[in-house]
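Reminder, nothing fancy here: chain letters follow the sequence lines and each chain counts from 1.
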Amino acid sequence: MTKQLASNPFSKRYEIIGHSQLTEAVWQLVLAYDQKAEPGQFVKLYLDEADLLLPRPISVCRQEEGKLTLVYAVRGEGTRRLARRKPGQALRVSQPLGKGYKIDYLQKGQTALLIGGGLGIPPLLHLAETLAAREIGLTTVLGFRADTFLLEEFQKTGAEVNFIIEPPFSFAEHFDSLSSAAASSKRGTDFAAVLREMSAEKEALRGQVTDLLASRQWEVDACFACGPKAMLQKVTAQLAEMGKPVQVSLEERMGCGYGACVGCVCQVLDPTGRAIRRKVCVDGPVFWGSEVIWDA
Amino acid sequence: MLEVQIAGVNWKNPVTVASGTFSAREAVRWYDPGCLGALTAKGVAIEAWEGNPTPRIAETWGGMLNAVGLQNPGVDSFIEQELPFLESFETPVIVNLAGHSIEEYVAVASRLNETAVAMLELNISCPNIKEGGIGFGSDPDMAARVTEAVRQATQKPLIVKLTPNVGDIAAIARAVENAGADAISMINTLLGMRIDVHNVKPVLANWTGGLSGPAIKPVAVRMVWQVRQAVSLPIIGMGGIMSGEDAVEFLMAGANAVAVGTAGLLDPAAPVRILKEIEQFMELRHYKSVEEIRQAGRMMGGRVERHG
């Protein structure tokens, strides 16, 4: 009598095929996953524990055939428990959610600038790999709090990778630990040489991503950003001064993640210039920076 | 075997969704909402309400807090843009009414009286509204006055949704029954709070919010049981229902139907799953109708409890 359930359940259990620590707080989770996520979309992870009912929304970092990679930071009890899950175990994950970055309008040979701060960087990798496959030229501007992560993956897309690290970690200190990591790496890449190539002046690369963004003119056809709200607000303003619109990915505490509870709203300007509320989970998380009302 | 009748309206089964947790536009991606006994829309006011600033959501042990603040587009926009879609599912539509004052409740009820909506649910209980909302539901006289006023504004079956944030829920129930309610739905959320100890501030922008989910079920079941002793109105019971057995608990406590809220936020198809589990329970325990389950609950005996 009662069925009429659609064939695509909201969530399913998937096998963890890889789970490793990238830095002190940052982890990389790889799942055997059968759905297609667009760049900028997120999934919800269920811990399925009675005291922590709400699933965690995490942006998709990479998507390969049959695999999904998520990179997240351990911040609270939920992510702490998530970090303890092991390969071989099953984890319940939702279908891909949200509206991702608009990229279909870009033509082969055009160029894109990807600006990321901290945990805003992982979803930009999916975007970079997707754009690279469409032969869009890539430049990244990435800001890290402390240790870097995913730089080599960005490098592999062929992007011009620019990055900066917040003080008090001096680049020189960091450079040495990266070099020794490269030396002991089995990949055979002289990471140190790559870094030397990427950075003109070692000592200049301390600061915030907005400092790096302000440091030169970027001749690109499209801009995409992801990171903390304050960063996105500043980046939007900086790029507006350069006459460049930017797509930003917003974050908000979510309830359901699919548009029912109206918990995760942001304020944007509608086409007539009126302030309206939008749900970050279904209307976003990607919006044009110029339409976001930042001080809402 | 699952049919019930609530205040003269036939429901094909006893399961509806809790107001504020359901969006038909999203739900259709996973199931046919028409297979539920009724569909309950989010609270609607006479004019658009912005709702509270974010963060509006916080997790708690076995539940969640919400301080959405009844963001809604206003009744005119609702009637024009959302109601037709809801009515396309051929199952009774219940519209939840929100207001800051008796006049506002009457205005929105009058406006909806002109539509073909099957039932109205008077939301006097949401704890997120600073003006009026919590006042009405917490006091038997205020609850009676607003029920009476809305009663006069509409002939539609009128459900009054009770807040649990009171000392004597049965008194509120009696008051709204006497004032002309056709049914009672209960419970709304429990008032709660969380503090972020690292940043030393409340987690919710609104400071307090409504607690929902499995954590509140024992309170909800107890209150349904108490109200059932006090009134003869049909009761739509809700509060942390996550499974068919949870729903049966409410029916045995004296509810005539149930609503699924938070479970549907975790899994959009939860209302349908729970409906299926109720059916499975009935097969397992040989109940041929919802009324038989309620009858079994009556046979529990028990008496009206008296607390000092």
Checklist entry - Looking only at heavy atoms, what is the nearest atom pair of A:G259 and B:S23, with distance? => result O-CB, 3.9 Å

Item to check | From CA spacing to verdict: side chain to side chain contact (heavy atoms under 4.5 Å, CB included), A:M254, B:I57 | outcome: CA-CA 6 Å; A:M254 289 182 185; B:I57 303 288; over 6 Å; no

Checklist entry - At a heavy-atom separation under 4.5 Å, does A:E77 approach chain B through its side chain, its backbone, both, or neither? => result neither

Next on the checklist: Check this for me: A:I293, atom CD1, are more than 12 non-hydrogen atoms of other residues, nucleotides or ligands nearer than 6.0 Å?
Outcome noted: yes

Next on the checklist: Between B:G213, B:G20, B:G34, who has the most heavy-atom pairs with chain A when the cutoff is under 4.5 Å?
Outcome noted: B:G20

Checklist entry - Between A:R92 and chain B, which part of the residue has a heavy atom less than 4.5 Å away: side chain, backbone, both or neither? => result neither

Checklist outcome for this item: Rounded to the nearest 0.5 angstrom, the CZ-CZ distance for A:F10 and B:R29 is 7.5 Å

Item to check | Under 4.5 Å from any heavy atom of chain A - which part of B:T60 | outcome: backbone

Checklist entry - Under 3.5 Å, is there a donor-acceptor pair between the side chain of B:E26 and the main chain of A:A260? => result no

Next on the checklist: Please check if the number of heavy atoms outside A:E251 that lie under 6.0 Å from its CD is greater than 12.
Outcome noted: no

Checklist entry - What's the shortest heavy-atom distance between B:M64 and A:L54, and which atoms? => result SD-CD2, 3.9 Å

Item to check | Neighbour count above 12 (heavy atom, 6.0 Å) for A:Q21 CD | outcome: yes

Next on the checklist: For the CH2 atom on B:W61, are there more than 12 heavy atoms of other groups (residues, nucleotides or ligands in this structure) within a distance under 6.0 Å?
Outcome noted: no

Checklist entry - Is the closest side-chain heavy-atom distance between B:T54 and A:R253 below 4.5 Å? => result no

Checklist entry - Do the non-hydrogen side-chain atoms of A:C256 and B:L266 ever get within less than 4.5 Å of each other? => result no

Checklist entry - Is it the case that more than 12 heavy atoms not belonging to A:K229 sit under 6.0 Å from its NZ atom? => result yes

Checklist entry - Above 12 or not: heavy atoms from other molecules or residues under 6.0 Å from CZ of A:R80? => result yes

Checklist entry - Which pair of non-hydrogen atoms, one from A:L53 and one from B:P214, has the smallest distance, and what is that distance? => result CD1-CD, 3.4 Å

Next on the checklist: Any non-hydrogen side-chain atom of B:E50 less than 4.5 Å from a side-chain atom of A:Q267?
Outcome noted: yes

Checklist entry - A:P9 versus B:W30: any side-chain heavy-atom pair under 4.5 Å? => result no

Checklist entry - Under a 4.5 Å heavy-atom cutoff, which of A:C264, A:G78, A:G255, A:C266 has the most pairs with chain B? => result A:G255

Item to check | Which atom of B:L265 lies closest to which atom of A:C261, heavy atoms considered | outcome: CD2-CB, 3.7 Å

Next on the checklist: Quick one: does any side-chain atom of B:Q71 pair with a main-chain N or O of A:V262 as donor and acceptor, under 3.5 Å?
Outcome noted: no

